[in-house]
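Here is the naming used below: chain letters follow the sequence lines, and residue numbers restart at 1 for every chain. The basis for the numbers below is simple: all heavy atoms, side chains too, and nothing from hydrogens, waters or symmetry mates.
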Amino acid sequence: MESRDAVHWADQTALKIIKEHGDKEQYTCASGITPSGTVHIGNFREIISVDLVVRALRALGKKVRFIYSWDDYDVFRKVPVNMPDQETLAKHLRMPITMVPDTFGRDSSYARHHEVDVESILPAVGIKPEFLYQAERYRASTYAEGMRKALEKREVLKGILDKYRDEDHKIQGDYWPISVFCDACDRDTTEIEGWDGEWGVSYSCECGHRETVDLRKAKGVKLSWRVDWPMRWAYEGVDFEPAGKDHHSQGGSFDTSKHVVEDVYGRKPPTTFRYDFIGIKGTPGKMSSSKGKVVDLYDLLRVYTPELARYLFAGTRPNTEFTISFDLDVIKIYEDYDRTERIYWGTEQAKDEETRSRERRIYELSQVDEVPAKMPYQVAFRHLCSLLQINLGDVEKTLAQLPGVEEHQLDRLRVRAKCAWTWITESAPDEFRWALREDGSAIEANEEERAALVELRETVRAGGLDEQALGTKIFDIAKAHGLEPKDFFKVTYRALIDRDRGPRLAGFILEVGAERIVKILSAY
RNA sequence: GGGCCGCUAGCUCAGUCGGUAGAGCAACGCCCUUUUAAGGCGUGGGUACCGGGUUCGAAUCCCGGGCGGCUCACCA
């Protein structure tokens with residue numbers, strides 16, 4: 001941060017954390033999710049929000065422990081429609097997701113599959129948390145003390161939970177803050193029978209199994225969600241954790257957890273904020289998204305470079321809803337980012353000082369690692385799309401055509417070009433997509449039109465004209481053959497790219513190169 | 001029933017220590033003879049949902065109301 005005033009929400013949050021939890025050497029920031037299905041882009045908002053705050057704290061010279069909890073000891077309660085082998089999955093309902101098989105056949109379990117997906121892509125956007133696996137921890141009885149504490153204070157817990165329930169929904173009968181996966185059948189179809197006041201818990205299962213287990217050795221006992229969360233806050237000493245709006249509501253899980261961590265575990269609740277959901281506009285890829293297709297970080301990174309992906313989130317306040325677009329808006333997002341980049345590097349003036357420092361900060365936070373030593377090469381996304389189509393998607397060839405590219409700028413350009421090509425071929429509106437007519441075919445044209453095309457061909461063959469001169473010449477040709485310029489343009493675009501309109505013609509012809517243009521127009 | 005969020009230009013929205021209302025798109029105009037726009041430059045355009053209050057001053061803070069949306073109370 002260059003300015004003392006926190007202009008960015010992540011910096012403001014960092015200051016708030018320090019204010020609420022005191023000036024410490026190290027802070028713990030947490031995020032987490034249940035890998036019960038594809039971890040989609042909405043889930044990603046939480047982790048990147050934490051990452052941005054973590055970076056803000058570090059910018060203030062603080063050490064930060066960034067933990068990401070995989071809640072893989074949660075129950076598998078329904079089969080998502082986008083998963084293969086639905087029958088096999090259905091057979092494992094009510095078991096912990098860590099015991100459900102990976103029906104893709106790739107990883108050791110259903111949960112692990114989704115974890116691996118996320119863990120392998122996060123470094124690409126510069127996010128490197130410490131992963132915690134709750135199944136492993138519960139099975140190792142890591143939380144025995146926490147569970148016993150909950151049992152001891154179960155009346156307090158009951159009171160907290162009941163506070164927000166109406167008369168019809170108050171907890172009936174015995175309340176147990178724990179649930180058990182049966183040791184015989186692995187399902188949570190169990191009922192707590194009793195607790196001996198110390199470590200012993202008895203349960204019975206629908207499968208007929210019943211036993212008394214010791215919390216210090218049992219692997220199937222876990223806390224219910226609204227107690228589990230605050231217990232872990234206390235266990236890890238969490239200073240900051242945001243939550244989605246489904247949790248952040250009076251009587252919601254964050255709210256009750258706040259009371260639980262204070263009244264039962266004697267710890268101050270973490271600083272937090274609420275993040276909104278995000279929407280999707282356009283289609284990220286060819287697949288029709290009817291069958292439970294969800295957009296994830298992989299989809300995002302096929303169209304947006306890592307910096308752009310971060311930029312989407314860094315540039316938007318967490319508590320506002322926004323949509324991630326795969327349609328025409330993509331161009332605008334790239335343009336916005338490029339402008340932010342120019343402001344950072346001082347090649348464009350910001351409207352005022354405040355805008356400048358905010359844009360600079362957003363730019364910093366959008367980088368995967370450090371801000372590069374020199375300014376990256378800028379090529380407008382739109383123009384890049386044109387060039388790629390001229391070169392049939394050949395990235396290296398396209399980059400070689402860009403004037404003045406330096407070695408250190410190539411990597412980013414390459415990534416951008418790949419994204420542009422994916423966008424053009426899979427997400428862009430049809431009007432944006434074209435290919436040069438290089439199969440030797442000719443369009444139907446009358447005498448005058450053919451003659452004009454031939455003259456254009458010879459003009460191009462002769463060469464020696466710059467864009468402006470060629471542009472003027474095109475009009476001359478049209479006139480000389482008694483054609484309205486408008487109609488001649490149309491005919492030319494038809495001949496070249498089989499569309500009624502296209503990129504600004506003169507420049508386009510020069511970019512394609514005389515040789516290819518002449519070849520295409522040799523059909524007349 | 002509780003809680004939260006939003007209501008600013010035709011559209012999408014920015015603008016949270018209160019200080020002359022902004023951007024993009026759309027529209028319109030011009031681009032050195034004629035110009036296809038996926039180019040350049042420029043212009044116009046707002047009763048800030050309504051009503052009160054605080055203030056020298058309110059889009060911004062407070063109260064009341066309206067409309068739209070979300071969320072919780074069952075599970076995570």
Side-chain angles (χ1 to χ4, degrees), chain A residues 5-7 9 12 32-37 71 73-78 94 96-97 134 161-172 179 188 222-229 243-257 273-277 279 281 315-317 319-323 325 328-329 331-333 335-336 339 350-352 354-355 358-359 380-387 389 424 428-429 431-434 467-468 471-472 474-479 483-494 496-497 499-508:
Chain A
D5 302 325
V7 291
W9 60 263
Q12 290 162 2
I33 194 189
T34 304
S36 57
D71 298 341
Y73 213 38
D74 287 353
V75 195
F76 188 47
R77 65 180 63 256
K78 68 168 190 264
R94 301 300 295 268
I97 50 178
Q134 298 307 334
L161 297 181
D162 265 344
K163 192 169 154 195
Y164 296 99
R165 304 182 188 207
D166 60 31
E167 288 312 312
D168 298 338
H169 295 93
K170 298 289 186 202
I171 295 165
Q172 305 295 313
S179 61
D188 73 340
K222 62 170 295 199
L223 287 167
S224 58
W225 164 246
R226 281 171 188 256
V227 186
D228 172 63
W229 202 13
K245 59 173 167 186
D246 48 340
H247 297 294
H248 254 286
S249 167
Q250 197 168 60
S253 56
F254 193 95
D255 195 40
T256 54
S257 293
F273 60 64
R274 197 202 62 159
Y275 57 83
D276 251 70
F277 298 155
K281 198 158 151 261
T316 314
R317 274 201 177 69
N319 65 348
T320 53
E321 197 173 320
F322 76 103
T323 59
S325 300
L328 219 53
D329 291 353
I331 293 172
K332 182 180 174 339
I333 307 285
E335 279 172 2
D336 287 349
R339 203 179 95 259
K351 189 174 58 180
D352 53 51
E354 198 183 321
T355 307
R358 189 170 53 241
E359 292 291 301
F381 192 78
R382 182 176 289 201
H383 186 224
L384 189 55
C385 288
S386 247
L387 293 177
Q389 291 188 93
I424 272 291
E431 315 90 82
F432 253 80
R433 228 172 287 166
W434 46 260
E467 183 173 344
Q468 198 181 350
T472 306
I474 291 169
F475 283 98
D476 292 342
I477 293 172
K479 221 182 314 181
L483 298 169
E484 283 296 319
K486 200 176 169 180
D487 294 329
F488 182 49
F489 275 108
K490 197 169 162 184
V491 167
T492 308
Y493 284 121
R494 267 269 152 72
L496 295 179
I497 57 174
R499 308 203 80 98
D500 289 347
R501 309 189 330 188
R504 210 174 155 84
L505 191 54
F508 178 65

TODO: For A/Trp9, report the nucleic acid contact type (base, sugar-phosphate, nothing); a contact means any heavy atom under 4.0 Å.
DONE: nothing
Task: A/Lys479, nearest nucleotide to its side chain (from B/G3, B/U34, B/A76) - done: B/U34
Open item on the list: Please tell me if A/Arg226 has a side-chain N or O lying less than 4.0 Å from either OP1 or OP2 of B/A73.
Closed with: yes
Task: Given B/A76, B/U35, B/U71, the nucleotide with the shortest approach to the side chain of A/Phe475 - done: B/U35
Task: Between B/G6 and B/C61 - P atom distance, rounded Å - done: 9 Å
TODO: Please state the C1' separation for the pair B/C17 and B/C25 - nearest whole angstrom.
DONE: 33 Å
TODO: Could you tell me whether the phosphate oxygens of B/G15, OP1 or OP2, come under 4.0 Å of any side-chain nitrogen or oxygen in A/Arg358?
DONE: no
TODO: Using a heavy-atom cut-off of under 4.0 Å over every strand shown, decide if A/Tyr493 touches base, sugar-phosphate, or nothing.
DONE: base
TODO: From the options B/A76, B/U36, B/G15, select the nucleotide whose nearest atom is closest to the side chain of A/Thr34.
DONE: B/A76
- [ ] Indicate whether OP1 or OP2 belonging to B/G39 is found under 4.0 Å from a side-chain N or O atom of A/Arg382.
- [x] yes
Task: Nearest to side-chain heavy atoms of A/Lys245, which nucleotide of B/A76, B/U16, B/C70 - done: B/C70
Task: Sugar-phosphate, base or nothing in reach of A/Ser36, heavy atoms under 4.0 Å - done: nothing
Task: Geometric class of the A/His247/A/Trp225 ring pair [parallel <30°, tilted 30-60°, perpendicular >60°] - done: tilted
TODO: Answer with base, sugar-phosphate or nothing: what part of the nucleic acid does A/Thr472 contact at a heavy-atom distance below 4.0 Å?
DONE: base
Task: Length of the line joining A/Leu483:CG and B/U34:P, which is rounded to integer Å - done: 19 Å
Task: Nucleotide nearest A/Leu505 when distance is taken to its side chain, options B/U16, B/U36, B/G2 - done: B/U36
TODO: Assign A/His248 to base, sugar-phosphate, or nothing according to its heavy-atom contacts below 4.0 angstrom with the strands shown.
DONE: nothing
- [ ] Return the nearest nucleotide to the side chain of A/Phe489; candidates are B/A76, B/U36, B/C75.
- [x] B/U36
Task: Closest to the A/Ser224 side chain, choosing from B/G15, B/C75, B/A76 - done: B/A76
Open item on the list: With a 4.0 Å limit, can you tell me whether A/Arg274 has a side-chain N or O closer than that to the phosphate oxygens OP1/OP2 of B/C5?
Closed with: no
Open item on the list: Under 4.0 Å from OP1 or OP2 of B/G1: is there any side-chain N or O of A/Arg165 that close?
Closed with: no
- [ ] Return the stems involving RNA chain B, sorted by first number, where pairs are Watson-Crick (N1-N3 with N6-O4 or O6-N4) or G-U wobble (N1-O2 and O6-N3), both under 3.5 Å, and runs are 3 or more long.
- [x] B:1-7 with B:66-72, B:10-13 with B:22-25, B:27-31 with B:39-43, B:49-53 with B:61-65
